Every structure is written in C-alpha cells, then in structure tokens.
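Input: a single structure, listed below in structure tokens.
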Amino acid sequence: MTTNPSTPSPGVLDHPLRARGGLAVLVLLAALPPAASALGEDFYIGLATRILIFALAATSLNLVVGFGGLVSFGHAAFVGLGAYAVGILMQQGVASAWVAWPAAVAAGALFALAVGAVSLRTRGVYFIMITLAFAQMLYYLAVSVKAWGGDDGLTLPGRSVVAAGFDLASDTRFYYVVLALFALAFMGIQRLLAARFGHVLQAARENETRMAAIGFPVYRYRLVAFTLAGGLAGLAGALLANQSGFVSPALLQWNQSGLLLVMIILGGVGHLWGGFVGAAAFLLLEEVLSAHTIHWQFALGAVLLAVVLAAPRGLAGWTRRGEGA
Amino acid sequence: MTGAGVLVLEQALNGLQFGLMLFLLAAGLTLVFGIMDMINLAHGSLYMVGAYLIATAAAATGSFWIGLLAGVAGTAVVGMLLEVTVLRRLYRRDHLSQVLGTFAILLMANEGVRMLWGSQPIALNPPAFLAGPVELLPGFSYPAYRLLIIGVGLAVAALLYVGVARTRLGMQVRAGASNREMARAMGVDVRRLFTAVFGVGAALCAVAGGMLGPLLAVQVGMGESILILAFVVIVIGGIGSIRGALFGALLVGVVDTAGRALIPLAFDRWLGAEAAASAGPALASILIYLLMAAVLFWKPRGLFPAHG
C-alpha cells in the first residue's frame, strides 16, 4: 500500500519563485500594518501575524508531505516543542530571542531527526501512524509534567527580547519580524527545491526504487528534509508562543497536526505556495464565518468539502495552467 | 479473594470490555481501509451520532433497549446515506483528499450535533436493574452494566465473525479486502457491497456509542479520541483484517486499562507518590503508542496482514 499525495504536476521538479509575483505579495504584506492602522482595524495585524506563523508551519510540512511524498501526521509535535522551548526558557528567566529561537529550532530539528530516523523505515499508512504515535507520546508527556504547567500550560510574562530598545511587545513590530522570518524561510525552501537536493527529494517521491537504483541514498535525503521541516516548525512554534503569550499541551495534540495537514491540502500539496495559501484561506474563513454565525464550524466543513470535491489539487492548484482532473 | 487478585481480575474485565467496544469501531474502519484504501476520519462521528440518536430515542420511549435498537438502525441509515452522497466520491482520490474530505464531515457532524442537541453533554441512563454490582466470585463483585457491555461485545463480535466467515456478503467482503480488482473481476458489485459495509460499520459504531454512552459522557467531540485509538488498533492488527482488528482491540484495551491502573500503583511503591502522580498517568497514556511502535518495528504490516 502506498500513499500518493496529490502532486500538482508529476514531472515538474522546479518551483520557480517569480520576482514579480513574490515581490508583489511581499509589498502587500509589508503595507498591511499601516493600512490596517489607517483604517483603525489594528485587529487585522494580529490576524495577519497568525496567518504568517501558520503559513511557516504549513510550508515546512508541505516540504515533507508535498515534495517528499511522506504524509506526516505528527507535525504539531515540532511546533509544540518550539513553543515549549520558548516557554520553558522564559520560565527560567531567559527572554532573549537570540537564545530562545535557535533553541526552538534545535529542539524541533533534533526531535524530527529522531522521529524521522525511526519512521522513515516505514511506508504509507504506517508512516502516518508512527509519526502520530511519536507526537502523541510528546503530548502526554507535556500533559503530565507539572513543572512545565501540565494540563494548564504556561503563561508567558512577555514576548522574547531581540535587543535592548527593540521591543516585540508592539504588535506591528512583531508582525514585521514574523514577516521577515517567513519570507526568509520561504525563499530558503524555494532555493532548496530548485537545487539538486529538492530534485532528488521530488524524484524519490515519484519513483523511490529508481532513485535508489541509480545510487541516491533516498533515506538520507528524506531524513534531512524531515529534520529541516522539524526545525522550521520549531521556529513557527516559538513565534506562536510569543504571539499568544501562552503555551499548552493543546499545541501538541493530534488535531493540530491534522489542522496543518488540512491547510496544505486546502492550499495545494506539493505547491510552493500551498502552505501560505492554505493557512491564509483557512484562518480567514474561520474569521469571517465565526463573525457571522456561532455554528461557523458547520459552514467551514461545508466549504472544505466543496473544495475537496471541486478542486482536487487545492486552491493554489487552480492557478497552475494546464491542470487536469 | 485477596486485594491483588480482585484488582487483577477487575482490570482484566475492564480491559476486555474496553477492547470489545474498540473492536466494534475498528471493524468498520479496517474494512473501509482495507477494501477501498480509504482513510475515514468521520468514522468517530458515526459513533457520536449513534450515541446521540440512542440517547434521544431512549429518552423519548423511556426504554434503553428500544432506544438502542432505534438508534443503531438510524445510524446505519446515516452511514449509508453518507456513503452514497459523499464518501463514494472520495474512494478514487488520494489519501490526502480523503483526510480533508472526511475531516470536513467530522467538523460538520460535530457542529450539526451541537445545533440539534446543544453543547451540554446529554444523559443516557442504563436500565435500572443493571445499576448495581453483581457478585461474580465470593468477595468479588463487578458492575452489572459493564458485564452487559462485555456480553453485547462478545455477541456482536461473534455475529460479525459468522457474518464475515460464513455468509455470501462476508465472502465478498473478504475477497474485496484481499484483492479488490480480482473481486470486481469475479463479478462482485463493489459499489453496492460498499454501501452495505458502511451501513454495518455505522451500526457497529452506534452499538459502541450506545453501550459506552452511560459510562463516558455523550457529548460533542466524543468520537475523536476513540477514533485515534481505533486507528492504532487496526494498524497493530494489520489493515483490512477483522481477526487483526479483534486481536488488536483486545490487546490495546487490556494494555491501556492495565497500564492506567497498575503503572501509577507500581510507581507509587517504587518511586514515591510524587513520581506516581505525574509520571504514572503519562506513561500509561504513552503505553499503547509504544506498543504500536514496537509491533510495527517487528511486524511492519501489523500482526495479521490481510493483503497477500
């Protein structure tokens, strides 16, 4: 039994980041806080920050699922570890972002390395279940360790400190930091996919046996991708902890992993913009629907169902020319 | 009986009871997975819908038994409708589309139940004459209602076994599970078979929901945590295998129950109350995932793989 993630167009290994499109998105995102302030709707800055953080986490998951062809159901573990790294360090009096954020990345990457080393020996559904199992173990650990808040979680006294005088407490400033980190990570992933590494990863998704036969150590490539994705998810977790000022085991729960999967499937699995489009679409939908009805989850489900039936390759797939069914 | 003996016997029965209920959920899930290669996250929603329908019918008629029958039949209909209208369109799609599609149904089911019944848990009371304990052995009594669950679980499992092993429908199901293309080539109408399998699977979910309803709360979202356990069960047992599902369910039921009861006790004795209070429950919860990882390490396709 194999799992075939919906590859946008098999055979296309390059995912170019066109300067015109990418730059336009960046300019729009950069212009958002002043525009929101001018309209007196500062609330949107927080929402946009959240979207960017989830876009980072989802894009890192897409690297594994969409480009590596490995459906991981435990991505929340890495996000949660990153968040806990920030929370625990702050509890110990370490508020510097220069310590906490690399620690979050390292925690996510190291755990991903360990999980990947074991899980990547399995395939398909079994891979889904093993990654889930590791994430669940971490979840129950977080629930039980009273020193780290247990079930109640940790409330953080403030945001991480980048430098004396550079305060992340300002939502606008925090937004720009998140935007910069997301843009860097996004470009990094794009470069990686366009490089030999990305080509090998995607070719192994298409035909693992053939890649192994012509001499590529597929397992090692996948493990590197998995570890990298774990590190980026850890960074997203660190930012999430900073934004909400709160860390709890709920971040590690399986439905968080499911949520990230839903975002990339919605946006477009194996599409460079899939994570971004999916996170934005999902969180905006949630926002709009919940403003109109208390039963917004019903409407959200209906929309998701319509998308999956009407757009087999996700929203980002619509923009791709020559798309077949 | 001695205290330790009572404890072991009681935990064994609790484990058996939980394992049998897990089997009812896992049986439908493993067939859907095995035959159609379909991941159905909405399977737990049928368990929830079943519990709500049974509780409502029981309250309306004043009889637990009539409620159970009506609710199970109603859930079977809901399951078949779901298959015909939506799920059928997802069979040919990849696993990820199935995850998104059935996740959407899960959201709609949760919210739909909230719209109809409200956010508060609703009551489902077992028949009054089963409320007390029964003395099984001198010095050992066990709740009568839990015994009933074990009885119903065993009966349904036996019925299902006979159905799968001895009937024409069961033969087609087995054929479909081990080789769908071959079954189709031999003239099995897989489409119709599937609607039937879905109805049976939904009915089994409802039985589990109705039996566990009086013990656990009947509330929105009750299907999710048990769904994950059911997935663990079918992976341990080997996807598509009914026998694997039964064995996996009993294993998970007993290990989970025993772990929750015994690990904190053991920790308390050897490591002190502090460790027992914090690490005990965590290790008990982790235990089944460790079990799954261990099984997959030695048997990568589960204990009883159905596919050749």
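Any value given below was found using the heavy atoms of this structure, including those in side chains, with hydrogens, waters and symmetry copies removed. As the structure is a prediction and not an experimental result, all values here were calculated from the model. Just so we're on the same page: letters track the sequence lines, and every chain starts at 1.
- Here Y140(A) contributes atom OH and L287(B) contributes atom CG; the two are 12.0 Å apart, rounded to the nearest 0.5 Å.
- Between chain A and the options I228(B), N110(B), V99(B), heavy-atom pairs under 4.5 Å are most frequent for I228(B).
- For the residue pair G301(A) and A104(B), the shortest heavy atom distance occurs at O-CB, 3.2 Å.
- Checking each of I236(B), I239(B), V235(B) against M129(A) for a side-chain contact (heavy atoms from CB on, under 4.5 Å) leaves exactly one that passes, namely V235(B).
- To the nearest 0.5 Å, atom CG of residue L261(A) and atom NE2 of residue H95(B) are 13.0 Å apart.
- With contacts defined as side-chain heavy-atom distances shorter than 4.5 Å, the pair Y289(B)/F134(A) does not qualify.
- Counting heavy-atom pairs under 4.5 Å between each of Q98(B), E224(B), R93(B), R114(B) and chain A puts R93(B) at the top.
- By the neighbour-count criterion of 12 heavy atoms within 6.0 Å, atom CH2 of W148(A) is sparsely surrounded, having that number or fewer from other residues, nucleotides or ligands.
- L107(B) CG to L300(A) CG: the interatomic distance, rounded to the nearest 0.5 Å, is 5.5 Å.
- Annotation: maximal heavy-atom pairing with chain A below 4.5 Å, among I288(B), L100(B), V86(B), L90(B), occurs at L100(B).
- Interface residue M115(B): backbone and side-chain heavy atoms are both found under 4.5 Å from chain A.
- Only the backbone of I294(A) comes within less than 4.5 Å of a heavy atom of chain B; no side-chain atom from C-beta onward does.
- How far CG of L266(A) is from CG of L96(B): 12.5 Å, rounded to the nearest 0.5 Å.
- For the atom pair S285(B) OG and Q136(A) CD, the distance stands at 9.5 Å (nearest 0.5 Å).
- Side chains of F103(B) and L304(A) form a contact here, defined as non-hydrogen atoms less than 4.5 Å apart.
- Taking L309(A), I264(A), L138(A), T122(A) one by one and counting their heavy-atom pairs under 4.5 Å with chain B, the maximum is reached by L309(A).
- Atom OG of S144(A) is separated from atom CD1 of I286(B) by 6.5 Å, given to the nearest 0.5 angstrom.
- Of the possible polar contacts, one joining the Y126(A) side chain to the R301(B) backbone as a donor-acceptor pair under 3.5 Å is found.
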*Using the side-chain contact (heavy atoms from CB on, under 4.5 Å) rule, take L132(A) and F231(B) through it: C-alpha gap first, then chi angles, then the decisive distance, then the call.*
CA-CA 10 Å; L132(A) 168 73; F231(B) 268 114; 5.7 Å; no
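- Both the backbone and the side chain of V262(A) come within less than 4.5 Å of a heavy atom in chain B.
- In R243(B), the CZ atom is not crowded: 12 or fewer heavy atoms of neighbouring residues, nucleotides or ligands sit closer than 6.0 Å.
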